[in-house]
Engineer: 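Before I ask anything, here is the structure I am working with.
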Protein chains: 2
Amino acid sequence: MLPHNTYRLASREPTWKGVYRNLRLAILNLEIAPDTRLNEVKLAAALGVSRTPLREALSRLEMDGLIGAAKGGGYIVTDPRENLADAYHLRAALEGYGVRLAAENISAGQIAQLRENVEANRRIELADTRGRAALNAEFHQILIMASRSPRLLQTYNNLREWIMTDEDMSLHSDESCRQFVHEHDLIVSALEMRDGDMADRVMRLHLRRARDLLLEGKGRAAAPADRELPAA
Amino acid sequence: MLPHNTYRLASREPTWKGVYRNLRLAILNLEIAPDTRLNEVKLAAALGVSRTPLREALSRLEMDGLIGAAKGGGYIVTDPRENLADAYHLRAALEGYGVRLAAENISAGQIAQLRENVEANRRIELADTRGRAALNAEFHQILIMASRSPRLLQTYNNLREWIMTDEDMSLHSDESCRQFVHEHDLIVSALEMRDGDMADRVMRLHLRRARDLLLEGKGRAAAPADRELPAA
DNA sequence: ACACTGAATACTGTATACAATACGATTCGA
DNA sequence: TCGAATCGTATTGTATACAGTATTCAGTGT
């Protein structure tokens with residue numbers, strides 16, 4: 001063992017942050033099998049860091065709900081698929097109330113941005129899933145920011161990477177895409193009319209449809225964890 | 001300096017959790033001035049713990065939004081009063097959508113529990129602020145649990161201690177108390193009728209009234225985060 | 001054969017030591 | 001006198017050593 005000077009020089013970003021991102025993605029991509037109990041020393045060794053920044057990352061992953069506290073200490077990774085439908089509920093709560101607030105607070109510039117986004121979404125080709133995902137993410141991002149609630153934004157951001165993956169977009173058919181764009185359009189119109197109630201209703205419907213399509217598309221298939229990290 | 005065996009024996013609960021609670025309360029009660037930069041070594045010394053569990057606590061406080069990252073590392077305590085109105089927005093989002101789900105999923109037993117709670121709240125004396133706070137917390141807790149969404153429950157629990165302090169109850173007048181109980185009663189009725197729409201509406205109104213009363217009562221820094229400058 | 005008890009073990013929680021950076025003060029130069 | 005650069009200090013980020021508890025497995029008794 002080296003003394004303890006295995007420092008990473010010239011790192012502007014804390015180590016634990018990178019660890020956090022890596023683990024987060026690993027869990028969401030099922031590279032770490034659900035229900036596995038995380039062994040801190042082995043994980044730290046596998047990631048090439050000490051236990052301290054690892055624990056910092058784990059602490060935050062727990063607050064994100066991606067891992068849960070095990071009895072007798074330590075953590076157990078949760079199954080992100082099980083919680084997917086549930087996560088959409090949280091999303092609907094945030095965005096539904098978010099557009100309600102947005103109807104009161106949105107600026108003319110933001111409405112213009114939304115209109116532009118919808119137009120771009122109309123013109124984009126079906127095959128460009130990555131572009132569609134970006135547009136979709138942007139749309140909802142603008143909405144949440146228009147609510148002018150930092151807390152809502154923060155909570156939403158925690159969820160975003162979880163539920164909005166690029167691959168999800170590949171499931172959409174040409175028709176459902178048009179329908180989604182239409183719903184986006186409806187929401188913007190509701191906001192223009194400052195009708196928070198309508199915006200909320202359409203948003204909930206929109207998300208519900210998106211969720212159903214997603215769950216149906218993914219089915220229950222989803223190959224669990226073939227390539228592993230330390231399965232431990 | 002003691003060697004390093006200043007251990008707290010027979011502690012079933014991690015040290016950092018107590019630190020977390022203490023700091024949380026200290027910040028919410030303004031015992032630590034907002035905008036203070038937290039010095040880890042001094043804080044650790046003051047609390048009688050080492051930096052490790054302290055940092056664990058700080059990490060979570062940051063995710064709660066009670067402290068923010070400072071430039072060049074470290075943390076700065078945020079002003080809980082500034083974020084209080086905003087926190088109520090998040091709460092309204094969670095509980096509004098929560099009762100909507102509850103209208104679909106609530107069990108007969110839970111409805112009975114709610115009725116009982118409302119009855120107890122009718123009979124309780126005004127002076128018993130602690131009891132009223134407990135009843136109020138229980139009411140909303142049951143509702144969120146009735147939504148059968150673990151994620152909603154978790155997010156709500158993070159918020160609960162923040163916005164529902166015992167002292168807040170002392171602000172209520174006899175009349176506003178009766179009004180609040182009446183609103184609780186309305187919500188339960190809406191749930192009995194499985195009218196999620198109405199439950200949502202009443203809940204949002206209920207929380208909005210509670211928030212206004214709270215901000216007005218606390219007086220200072222009652223600046224509503226609602227009407228901010230139309231930024232960009 | 002099963003249950004209960006005990007020690008060994010493995011792993012988490014905590015403390016402390018060390019490295020590196022960011023900030024401030026002081027000094028030198030223009 | 002003001003500005004810039006450099007050194008010193010203070011504070012965070014990381015690594016590791018240590019203490020304590022939970023789990024597991026072996027052994028014995030009923």
Side-chain angles (χ1 to χ4, degrees), chain A residues 1-23 32-33 35-63 66-78 229-232, chain B residues 1-24 27 32-33 35-63 66-78:
Chain A
M1 277 307 164
L2 296 159
H4 56 269
N5 44 358
T6 323
Y7 262 74
R8 290 175 45 225
L9 304 176
S11 84
R12 180 69 79 215
E13 183 184 77
T15 326
W16 69 258
K17 218 162 189 173
V19 173
Y20 170 74
R21 268 203 305 269
N22 285 347
L23 283 179
I32 301 179
D35 292 331
T36 51
R37 170 147 188 184
L38 297 175
N39 184 314
E40 292 184 1
V41 293
K42 287 175 188 168
L43 240 188
L47 294 172
V49 297
S50 88
R51 281 179 58 212
T52 310
L54 171 63
R55 279 171 65 82
E56 196 110 345
L58 291 177
S59 165
R60 288 169 142 110
L61 288 171
E62 186 201 5
M63 296 217 82
L66 282 155
I67 62 180
K71 80 170 168 68
Y75 298 102
I76 290 181
V77 321
T78 63
L229 225 72
Chain B
M1 254 341 150
L2 295 160
H4 55 267
N5 44 357
T6 322
Y7 262 73
R8 289 172 48 221
L9 304 177
S11 83
R12 179 66 86 215
E13 185 186 76
T15 337
W16 68 259
K17 219 162 188 173
V19 173
Y20 171 73
R21 267 202 306 268
N22 285 347
L23 282 179
R24 182 180 191 122
I27 293 174
I32 302 178
D35 293 331
T36 311
R37 167 137 189 190
L38 297 176
N39 185 314
E40 292 184 2
V41 294
K42 289 175 187 167
L43 238 188
L47 294 172
V49 297
S50 88
R51 280 178 58 213
T52 311
L54 172 62
R55 280 171 64 84
E56 195 110 348
L58 290 177
S59 165
R60 297 186 175 205
L61 288 171
E62 187 201 5
M63 295 218 82
L66 279 140
I67 62 180
K71 78 167 170 70
Y75 299 102
I76 290 182
V77 320
T78 64

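Letters go in sequence order (proteins before strands), and every chain restarts at 1.
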Engineer: Mind checking side chain to side chain contact (heavy atoms under 4.5 Å, CB included) for B/A70 and listing every partner two or more places apart, or none if nothing turns up?
Structural biologist: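 Per chain and number, B/A70 pairs via side chain to side chain contact (heavy atoms under 4.5 Å, CB included) with B/R37, B/I76.
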
Engineer: Sequence neighbours left out, what passes side chain to side chain donor-acceptor pair (under 3.5 Å) with B/E40? Give chain and number order.
Structural biologist: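 Checked B/E40 against side chain to side chain donor-acceptor pair (under 3.5 Å); matches are B/R51, B/R55.
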
Engineer: Polar-atom pairs under 3.5 Å, protein N or O versus N or O of nucleotides 8-12 of chain D: list them with distances, or write none.
Structural biologist:
from, atom 1, to, atom 2, distance (Å)
D/dT11, OP1, B/N39, ND2, 3.2
D/dT11, O5', B/N39, ND2, 3.3
D/dT12, OP1, B/L38, O, 2.9
D/dT12, OP1, B/E40, N, 3.4
D/dT12, OP2, B/E40, N, 3.4

Engineer: Nearest-Å distance, CD (A/E56) to P (C/dG13)?
Structural biologist: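 These atoms are roughly 14 Å apart.
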
Engineer: Rounded to the nearest 0.5 Å, what separation is found between the CD1 atom of B/I67 and the CD1 atom of B/I32?
Structural biologist: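 Here the interatomic distance stands at 9.0 Å.
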
Engineer: Apply side chain to side chain donor-acceptor pair (under 3.5 Å) to B/T78 and list each qualifying residue two or more places apart in sequence or on a separate chain.
Structural biologist: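 Applying side chain to side chain donor-acceptor pair (under 3.5 Å) to B/T78 gives none.
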
Engineer: Check side chain to side chain contact (heavy atoms under 4.5 Å, CB included) between B/T52 and all other residues, then give those that pass, not counting sequence neighbours.
Structural biologist: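 Checked B/T52 against side chain to side chain contact (heavy atoms under 4.5 Å, CB included); matches are B/S50.
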
Engineer: Take atom NZ of B/K71 and atom P of C/dT21, then tell me their distance rounded to the nearest Å.
Structural biologist: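 To the nearest whole Å, that distance equals 16 Å.
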
Engineer: For B/I76 and C/dC23, what is the distance between atoms CD1 and P respectively, to the nearest whole Å?
Structural biologist: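 From B/I76 CD1 to C/dC23 P: 11 Å.
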
Engineer: Partners of A/N22 by side chain to side chain contact (heavy atoms under 4.5 Å, CB included), sequence neighbours excluded?
Structural biologist: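 Applying side chain to side chain contact (heavy atoms under 4.5 Å, CB included) to A/N22 gives none.
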
Engineer: Take the protein atom CD1 of A/I67 and the nucleotide atom P of C/dT12, then report the distance between them rounded to whole Å.
Structural biologist: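 My rounded result for the distance is 11 Å.
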
Engineer: Quick one: is A/T52 getting a side-chain N or O under 4.0 Å of the D/dT14 phosphate, OP1 or OP2?
Structural biologist: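 Indeed not, no polar side-chain atom of A/T52 lies that close.
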
Engineer: Rounded to the Å, how far apart are B/W16 CH2 and C/dT12 P?
Structural biologist: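 Interatomic distance, CH2 of B/W16 to P of C/dT12: 15 Å.
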
